[in-house]
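First comes the structure, then the notes that go with it.
These numbers come from the heavy atoms of this one structure, side chains and all, not from hydrogens, waters or symmetry mates.
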Amino acid sequence: MLICALLLIATYFDLRFREVPAWLTLTTLLGSGAYAIFRGLWMPALLTVILCLVAEMTITTQRRSFAVVLSVFAAIFEPASTILCLTLFFIWFLWDLDKMGGADMKLMAAVILAFGSPIVLLPITLVGGLQGLVAYFRKQTSVPYVFSIFLGTLLYTVVPFILK
């Protein structure tokens, strides 16, 4: 539930200022990474750190090639977390293509690491799709996606308790 509280704070900043402070995204990402390592998911956590460092490379082809090689290596080195590693790479790649903001990428990676499963992306995607439809009909050109990350994560967390 701590991840939901941090996402709520990030949602406030995204809705109010259209920017999430770096200290908040990095704190959330580092905390989720530490929790993932504690749970034995050290390769996805390490890959996330490496992808964040690779993002600082200035030459696009080198950055993407390096990220692909490291992601494939991580998936091969720890087969049990292959889907998790490839999902983290895919999110990073969307950011690298400018299809997603940096805060969105870091927070989605943090959510995946916190839950240890890419299934958490399903409710996030559903909420994001609804938010995108609303934005389309309102003729908005951009969407504060942290809201979808927060609400989708909250649904993923709360719905199992409601269904019991």
Side-chain angles (χ1 to χ4, degrees), residues 1-7 10 20 22-132 145-164:
M1 288 307 273
L2 178 60
I3 188 92
C4 289
L6 291 169
L7 288 172
V20 181
W23 64 265
L24 182 57
T25 58
L26 290 176
T27 301
T28 306
L29 187 58
L30 289 174
S32 294
Y35 182 64
I37 290 170
F38 176 75
R39 292 179 45 215
L41 297 171
W42 64 275
M43 187 54 78
L46 179 62
L47 177 63
T48 302
V49 170
I50 291 171
L51 288 175
C52 287
L53 293 174
V54 166
E56 299 300 320
M57 294 174 74
T58 55
I59 302 172
T60 305
T61 54
Q62 287 179 345
R63 178 177 61 235
R64 290 179 182 165
S65 299
F66 198 61
V68 166
V69 168
L70 289 172
S71 298
V72 169
F73 174 74
I76 291 171
F77 190 71
E78 191 175 313
S81 62
T82 298
I83 293 175
L84 203 57
C85 289
L86 295 178
T87 303
L88 290 166
F89 168 75
F90 181 70
I91 289 169
W92 177 87
F93 190 65
L94 286 175
W95 166 81
D96 196 53
L97 293 172
D98 280 335
K99 303 296 180 191
M100 178 184 298
D104 300 333
M105 183 267 297
K106 290 174 195 153
L107 292 173
M108 287 181 76
V111 168
I112 290 170
L113 289 174
F115 290 99
S117 172
I119 300 298
V120 70
L121 294 179
L122 290 176
I124 292 172
T125 304
L126 290 172
V127 172
L130 291 173
Q131 186 181 12
Y145 201 73
V146 176
F147 174 75
S148 297
I149 297 170
F150 164 68
L151 195 56
T153 304
L154 188 64
L155 287 172
Y156 183 81
T157 306
V158 172
V159 166
F161 291 116
I162 295 172
L163 295 178
K164 282 187 180 182

- Query: Are Leu46 and Ile50 close enough, and set up right, to give a side chain to side chain contact (heavy atoms under 4.5 Å, CB included), and what steps lead you there?
  - Reply: CA-CA 6 Å; Leu46 179 62; Ile50 291 171; 3.9 Å; yes
Going by heavy atoms in the side chains, are [X] and [Y] under 4.5 Å from each other?
| X | Y | answer |
| --- | --- | --- |
| Leu29 | Cys52 | yes |
| Met43 | Thr82 | no |
| Leu51 | Ser71 | yes |

Closest heavy-atom contact between [X] and [Y]?
| X | Y | value |
| --- | --- | --- |
| Arg63 | Met57 | NH1-O, 2.8 Å |
| Ala10 | Val20 | O-CG2, 3.7 Å |
| Pro44 | Glu78 | CD-OE2, 4.2 Å |

- Message: Below 30° counts as parallel, above 60° as perpendicular, anything between as tilted: where do the rings of Trp92 and Trp95 land?
- Response: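 Tilted: the ring planes of Trp92 and Trp95 meet at 30° to 60°.
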Could you pull out every donor-acceptor pair under 3.5 Å between side chains of residues 148-161 and any protein atom, sequence neighbours left out?
from, atom 1, to, atom 2, distance (Å)
Ser148, OG, Gln131, OE1, 2.2
Thr153, OG1, Ile149, O, 2.6
Thr157, OG1, Thr153, O, 2.8

Measure the spacing between [atom1] of [X] and [atom2] of [Y] and express it to the nearest 0.5 Å.
| X | Y | atom1 | atom2 | answer |
| --- | --- | --- | --- | --- |
| Ile3 | Ser32 | CD1 | OG | 3.5 Å |
| Trp42 | Leu47 | CH2 | CG | 11.0 Å |
| Thr25 | Leu7 | OG1 | CG | 11.0 Å |
| Phe90 | Phe93 | CZ | CZ | 9.0 Å |
| Thr87 | Ile91 | OG1 | CD1 | 6.5 Å |
| Leu94 | Phe89 | CG | CZ | 9.5 Å |

All N/O donor-acceptor pairs, side-chain side in residues 106-129, below 3.5 Å, sequence neighbours left out:
from, atom 1, to, atom 2, distance (Å)
Ser117, OG, Ile119, N, 3.1
Thr125, OG1, Leu121, O, 2.6

- Within 6.0 angstrom of Ile83 CD1, more than 12 heavy atoms from elsewhere: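 No.
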- Message: Applying side-chain hydrogen bond (donor to acceptor under 3.5 Å, both in side chains), can you list everything that pairs with Arg39, at least two apart in sequence or on another chain?
- Response: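 If we apply the side-chain hydrogen bond (donor to acceptor under 3.5 Å, both in side chains) test to Arg39, skipping adjacent residues, there are no hits.
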